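The shown structure was predicted, so the numbers you read here are calculated from the model rather than taken from an experiment. What you see below is based on every heavy atom in this structure, not just the backbone, and it leaves out hydrogens, waters and symmetry mates.
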Amino acid sequence: MKVVVLSGGVGGARFCQGVVDAVDDVTVVGNVGDDVEVLGLHVSPDLDSILYALAGMNDEERGWGRAGETWRVLETAAELGGETWFRLGDLDLAVHLVRTQALRDGATLSQVTARLARALGVRPTILPATDDRLRTWIATPAGEFPFQEWFVGRGHRDEVDAVRFEGGASATPASGVLEAMAAADLLLLAPSNPYVSIAPILAVAGIRDALMARRVPCVAVSPLIGGRAVKGPADRMLARLAGGTSPAHVAACYSGLIDALVVDESDAADLDGLDVRAIVTRTLMVDADARRRLAEAALGAVPA
Ligand code: FO1
């Protein structure tokens, strides 16, 4: 079976591990709206979360970055008065250095990502949603901020009034994205924040159009458990921007784009207004078995 997963954030990356454990042919399309320039380096946090998770190198506890990380460069940069609000570990820095140099030499983000995946021994295809510049901006009562300034710099403390994707209107899908979607037997939206992880991918019109025109099932996995986010601001954003945190509110973020929503058992009593099929299972990805079981529940949407 060929599967394409649209993924952002740490939950998305963990889900991708489960999908890759369950099926052979997986293409992951990653969010790039979170990308940020730090200390002169191009950082692609969501692509890196996917790379590290699929390489088995991710820090399970922290969620982002690499296991066994050290911080000597960051500490030294701090002593020199360099910017340290966005923490780049010593091992992680190597990826940003290699990526930044390749981009400056004229490579596309998808070419660099493929090169990094090969070097890290990652077999599934990982594609950025677009090779064009696309950046997420968050409008709050305190002003509008680039995504990472709001998320990391301000600890996502501000309520969100709106989300905007700079460059979204003109961005085209990265090479290989539409081909993978056209060849897929199943399209999956990972249990990622709908507003800041999946929406930037869908802001690329070619990707949204391909989802609208799909001839195979598309299944989203809700990032909420009992109406609450496992981590991060998804529940607060849904409450404020969609008017609630039920499965119907999550599905409304993907109106016309999905055929089923995977929801946690703790939300099974709250399916009022849900206009797509519910697949009820345990969605907390505590370990590799749980990740694989969740992926298999979503894969069950394809008739055998
Ligand atoms: N998240 C934080 O909360 N604080 C950080 O300092 C931080 C640094 C960082 C460096 C590289 C990287 O790949 C991810 C990093 N993240 C950090 C996570 C990142 O901000 C978020 O997980 C995603 O952008 C949300 O999807």
Does Asp90 come within less than 4.0 Å of Arg72, counting only side-chain N to carboxylate O?
-> no
Electrostatic pair Asp48:Arg66 at N-O distance under 4.0 angstrom = no
Interatomic distance, Leu127 atom CG to Leu6 atom CG [nearest 0.5 angstrom] = 11.0 Å
Verdict with reasoning, Thr172 to Asp132, per side chain to side chain donor-acceptor pair (under 3.5 Å) = CA-CA 7 Å; Thr172 57; Asp132 301 325; 3.2 Å; yes
Point-to-point distance, once rounded to the nearest 0.5 Å, from CZ of Arg240 to OG1 of Thr245 | 15.5 Å
Do Glu159 and Arg236 sit within salt-bridge range, that is, some charged N less than 4.0 Å from a carboxylate O?
-> yes
Side-chain atoms of residues 162-171: list all donor-acceptor pairs with protein atoms under 3.5 Å, sequence neighbours left out, distances to 0.1 Å.
unit_1, atom_1, unit_2, atom_2, d
Arg164, NE, Glu144, OE2, 2.9
Arg164, NH2, Glu144, OE1, 3.3
Glu166, OE1, Trp137, NE1, 2.6

Are Asp209 and Leu211 side-chain neighbours, meaning at least one heavy-atom pair lies under 4.5 Å?
-> no
Examine distances only and state if a side-chain atom of Glu296 and a backbone atom of Arg293 form a donor-acceptor pair shorter than 3.5 Å.
-> no
Looking at side-chain heavy atoms only, is the closest gap between Thr27 and Pro124 below 4.5 Å?
-> no
Atom CD in Glu75, atom OG1 in Thr84: separation rounded to 0.5 Å?
-> 10.5 Å
Applying side chain to side chain contact (heavy atoms under 4.5 Å, CB included), name anything that partners Ala184, two or more places apart in sequence or on another chain.
-> Val4, Leu187
Might you work through the side chain to side chain donor-acceptor pair (under 3.5 Å) test for Gln148 and Trp150, ending with a clear yes or no?
-> CA-CA 5 Å; Gln148 296 293 359; Trp150 168 74; over 6 Å; no
Check whether any side-chain N or O of Ser197 sits under 3.5 Å from a backbone N or O of Ser192 as a donor-acceptor pair, and report yes or no.
-> no
Tell me, with the steps shown, if Val160 and Tyr195 meet side-chain contact (heavy atoms from CB on, under 4.5 Å).
-> CA-CA 10 Å; Val160 177; Tyr195 293 102; over 6 Å; no
Out of curiosity, Tyr254 OH to Leu189 CG, how far, rounded to the nearest 0.5 Å?
-> 5.5 Å
Distance (rounded to the nearest 0.5 Å) between Glu60 CD and Tyr52 OH = 15.0 Å
Could you go step by step and tell me if Val28 and Val26 meet the side-chain contact (heavy atoms from CB on, under 4.5 Å) rule?
-> CA-CA 6 Å; Val28 182; Val26 180; 4.1 Å; yes
Report the distance from atom CG of Leu224 to atom OG1 of Thr283, rounding to the nearest 0.5 Å.
-> 9.0 Å
Might you work through the side chain to side chain donor-acceptor pair (under 3.5 Å) test for Asp35 and Ser44, ending with a clear yes or no?
-> CA-CA 5 Å; Asp35 286 18; Ser44 291; 2.8 Å; yes
Do the charged groups of Asp25 and Lys2 touch, with an N to O distance under 4.0 Å?
-> yes
Any luck finding a side-chain donor-acceptor pair between Glu69 and Trp71 under 3.5 Å?
-> no
Quick one: side chain to side chain contact (heavy atoms under 4.5 Å, CB included) partners of Thr108, sequence neighbours excluded?
-> Ser110, Gln111, Asp131
Hey, mind stepping through Ile126 and Leu51 against side-chain contact (heavy atoms from CB on, under 4.5 Å) and telling me if it holds?
-> CA-CA 8 Å; Ile126 303 175; Leu51 277 170; 3.6 Å; yes
For the pair Asp287 and Arg291, find out whether any cationic side-chain nitrogen is under 4.0 Å from an anionic carboxylate oxygen.
-> no
